[in-house]
Every structure is written in structure tokens, then in C-alpha cells.
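Data block below; observations after.
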Amino acid sequence: MFDKLMAAVGIGNARIDTMLDTDTAEAGSVLKGEIHIVGGEVSQELDALVLDLASEAIQEVDDEKVKVPHAWATLRLSEPMTIQPGEERTLPFEMTLPLLSPLSVGREHPRTWVATRADIAMAIDPRDKDPLRILPGELQRNVFEAMDQLGFTMTSAPLELSRKNPATGCLQEFEFKPTTGSRFRHLDEAEIAFLPSAQDGEGLDLLIQRDTRATGLGSLLSEMAGTDEQFTRISLAGNETTETLRKQLESVLT
């Protein structure tokens, strides 16, 4: 009985470790890894084992913007099981990263991690967190490269909680400043965001805002509307080259 009471407060409890094949992955790719479980000093019931992908997202609370942890993808790893004292188990997993995963780009971007949650009877919920760096997929890379060719530098990429993307519950804004000598110096900044396709919901659209004045963090996601003249929405087929995107962006930003 004493051992079980100690396990209930985390002493002698089962240990759960997440081992990722890599801590860097592309949006749209498959994240692979293993969950290692080592039993503690007593037998314990594990009711559920869940893998969360989470990031720090901006939320407005009482007219203030604060960063909160937000789980934007979840994978159930196992059915209920009993972990015997000292028992070792390994559970491999695969998880497809959404195309609209928060990206680790720009000088300022959201912190992202993999969190493994275990619902163990008579125990504090143990969590194993591992940092994850998500790189742009091919289409997103082409967009960023097109902006670079037009003379823009990405300054930040904040993530906000948003209903505009019900799949993850958040959207990321990419903020760009024209570089010295750029012919777009008349702009204070340009902001873009990838959205679920308005046509089929499976592909991506590109929302673009050209600012002749500073609008502050989160302006794109908080103010965007299809009828607002300062916003332009482009439907993407998914196979656009950097050159094609450069011409489209140049037309919008000029």
C-alpha cells in the first residue's frame, strides 16, 4: 500500500519517454518515433497514452495578448494496458504533420514540442516533452523564396489562435520588411498567411496584405475579411514554382 501511495505522487511511478526519429520535419511529412515505457515499483493501469503536437500561440485575454500552450494535433497511441513493475514496452508511431503546421521560420517564431500524456490510475499525469522544429513544405518554401527574390526579409512569424483554420485551431502570420534598395520601399511591411483552400478545404490559399503603415502584431489574422480591399486571396494549385509565385506576389504588392 505504501508503494502505491508513493507512486500516486510520482515516486516510483512508471516512466514514459518519447524518442523521435528526428527533431526536424517538414510540414506535410510523416513524423516517426517510439514511446518507451518502463514500469515503476508497483503495477499500474494506463488508461490512455496520447501524443500531442503543441505550440505557443497568442490569445487575446482582457484586451491583452498572451502566449498560451495550444495542442493542434493529437494521436491516440494505445488502448488501456497494465504496466507491471520493471516492465519495458516500446510503441512505434507515425503521424502526418498538417500542411498548416506552425513553422519554425523567421527571427521570431512559436516554440513547438511533442508532448506524451499518460493517464495512469492513482498517479499524477506524467508528461514527456520534446522540442520539434517544423520546416516549410515545398510550396511554402517557394512562396518564401519568391518574397526573398522581390526584396523582402521575413522578420517574424507569430502564431495565433484562430477559427479560420478549424483543423488546428490556429494560424500563423508571416511578416516581411522590404530590404534596403528594394523597389517596394513604399511599403512598411507585407504580411502573408496560408489558409485552408476555399474551394475544397484540402489545398492551400495564400492571403496577402500590403501595409503602407505599421499595423502591429496580429493585424492580418484579426482583421482579415474577404471584402477588405487591403487583402488579396490567391488560390494555390499546389504545384506553383517560385517564378510563378514571384509574378503573382509582385502583381499584388506593386
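The residues of the chain are indexed from 1 along the displayed sequence.
- Using cut-offs of 30° and 60° on the angle between ring planes, the pair Phe152 and Phe176 is perpendicular.
- How far OG1 of Thr242 is from CD of Gln149: 6.0 Å, rounded to the nearest 0.5 Å.
- No continuous path of ILVMFWY side-chain contacts below 4.5 Å connects Trp113 to Leu51, so the two sit in separate hydrophobic clusters.
- Side chains of Met81 and Arg89 form a contact here, defined as non-hydrogen atoms less than 4.5 Å apart.
- Following chains of ILVMFWY side-chain contacts shorter than 4.5 Å, one cannot reach Ile58 starting from Val61, and the two form parts of different hydrophobic clusters.
- Between Phe174 and Phe194, the two ring planes are perpendicular [angle over 60°; tilted spans 30° to 60°].
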Residues Thr82, Glu45; criterion side chain to side chain donor-acceptor pair (under 3.5 Å); working and verdict: CA-CA 5 Å; Thr82 300; Glu45 299 294 327; 2.9 Å; yes
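- For the pair Thr153 and Arg107, the tightest heavy-atom approach, listed with the atom from each and the gap, is CG2-NH1, 4.3 Å.
- When every heavy atom of Pro158 is checked against every heavy atom of Ser156, the shortest pair comes out as CD-C, 3.6 Å.
- The main-chain N or O of Val38 is never found under 3.5 Å from a side-chain atom of Glu88 such that the two would form a donor-acceptor pair.
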Go through the steps to decide whether Leu161 and Leu171 satisfy the test side-chain contact (heavy atoms from CB on, under 4.5 Å), and finish with yes or no. CA-CA 6 Å; Leu161 299 184; Leu171 271 180; over 6 Å; no
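- For the residue pair Asn165/Ser162, the side-chain donor-acceptor check at 3.5 Å is not satisfied.
- In terms of modelled atom types and a separation under 3.5 Å, the side chain of Glu145 and the main chain of Val143 share no donor-acceptor contact.
- Among residues at least two apart or in separate chains, salt bridge (Lys or Arg N to Asp or Glu O under 4.0 Å) pairs with a member in residues 244-254 are Arg183-Glu250, Glu243-Arg246, Glu243-Lys247, Arg246-Glu250.
- Between the CD atom in Glu191 and the CE atom in Met154 there is a gap of 12.0 Å [rounded to 0.5 Å].
- Following chains of ILVMFWY side-chain contacts shorter than 4.5 Å, one cannot reach Leu135 starting from Leu245, and the two form parts of different hydrophobic clusters.
- Distance check: Thr168 OG1 to His70 NE2 gives 5.5 Å after rounding to the nearest 0.5 Å.
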Are Thr74 and Leu53 close enough, and set up right, to give a side-chain contact (heavy atoms from CB on, under 4.5 Å), and what steps lead you there? CA-CA 6 Å; Thr74 298; Leu53 301 183; over 6 Å; no
Run the salt bridge (charged side-chain N to carboxylate O under 4.0 Å, His left out) test on Arg117 and Asp52 for me, step by step, so that the C-alpha distance in whole Å, both residues' side-chain angles and the decisive distance to 0.1 Å come before the verdict. CA-CA 8 Å; Arg117 295 184 285 116; Asp52 288 331; 2.4 Å; yes
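- The shortest side-chain heavy-atom distance between Glu41 and Pro85 does not fall under the 4.5 Å cut-off.
- A pairwise comparison of heavy atoms in Pro110 and Glu56 identifies CB-O, 3.4 Å as the closest pair.
- Between the side chain of Ser104 and the main chain of Ile134, a donor-acceptor pair closer than 3.5 Å is present.
- Note that CD of Gln172 and CG of Leu159 are 5.5 Å apart. Values are rounded to the nearest 0.5 Å.
- When hydrophobic clusters are built by joining Ile, Leu, Val, Met, Phe, Trp and Tyr residues whose side-chain heavy atoms come closer than 4.5 Å, directly or via intermediates, Phe93 is grouped together with Ile83.
- Side-chain atoms of Trp72 and Ser101 form no donor-acceptor pair, as typed in the model, at a separation below 3.5 Å.
- Salt bridge status for Glu26 with Arg141: present, with a side-chain N to carboxylate O gap under 4.0 Å.
- Judged by distance alone, with hydrogens and angles left aside, the side-chain atoms of Gln84 form no donor-acceptor pair with the main-chain N or O of Gly39 at under 3.5 Å.
- Residues Ile234 and Asp205 are not in side-chain contact: their nearest non-hydrogen atoms beyond the backbone lie 4.5 Å or more apart.
- The CG atom of Leu99 lies 12.0 Å from the CD atom of Glu138; values are rounded to the nearest 0.5 Å.
- Side chain of Arg76 to main chain of Val50: no donor-acceptor pair is present (N/O by atom type, distance under 3.5 Å, no hydrogens or angles).
- In this structure the side chain of Leu132 never reaches within 4.5 angstrom of the side chain of Thr24, judged on heavy atoms.
- Contact record, Leu46 with Ser78: CD2-OG, 4.1 Å, taken as the closest heavy-atom pair.
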Between Thr116 and Leu49, does the side-chain contact (heavy atoms from CB on, under 4.5 Å) criterion hold? Intermediate values first, please. CA-CA 7 Å; Thr116 307; Leu49 190 60; 3.8 Å; yes
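- Remark: Leu236 CG to Arg233 CZ distance equals 10.0 Å, nearest 0.5 Å.
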Apply the test side-chain contact (heavy atoms from CB on, under 4.5 Å) to residues Leu103 and Phe144: give CA-CA distance (whole Å), side-chain angles for both, the deciding distance (0.1 Å), then the verdict. CA-CA 12 Å; Leu103 303 180; Phe144 297 151; 4.1 Å; yes
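- Side-chain contact between Leu249 and Met147 is present, with at least one heavy-atom pair separated by less than 4.5 Å.
- Side chain of Ser251 to backbone of Gln248: no donor-acceptor contact under 3.5 angstrom is found.
- Checking side-chain atoms of Lys177 against main-chain N and O of Asp188 turns up a donor-acceptor pair under 3.5 Å.
- Checking side-chain atoms of His186 against main-chain N and O of Thr254 turns up no donor-acceptor pair under 3.5 Å.
- Contact of the Leu253 side chain with the Ile208 side chain is registered, since non-hydrogen atoms from C-beta on lie closer than 4.5 Å.
- Criterion: ILVMFWY side-chain heavy atoms under 4.5 Å apart, direct or through other members. Under it, Met95 and Leu97 are part of a common hydrophobic cluster.
- No donor-acceptor pair closer than 3.5 Å links the side chain of Gln209 to the backbone N or O of Thr232.
- In this structure, the side chains of Ile35 and Thr90 stay at 4.5 Å or more apart for every pair of heavy atoms.
- What you find for Arg185 and Thr179 is that their closest heavy atoms are CD-O, 3.3 Å.
- Side-chain contact between Ser182 and Leu150 is absent, with no heavy-atom pair separated by less than 4.5 Å.
- Counting heavy-atom neighbours within 6.0 Å of Arg163 CZ, excluding the residue itself, gives a total of 12 or less.
- Residues Gln140 and Asn142 bring no donor and acceptor atom of their side chains to less than 3.5 Å of each other.
- In terms of heavy atoms, Thr96 sits closest to Gly28 at CG2-O, 4.0 Å.
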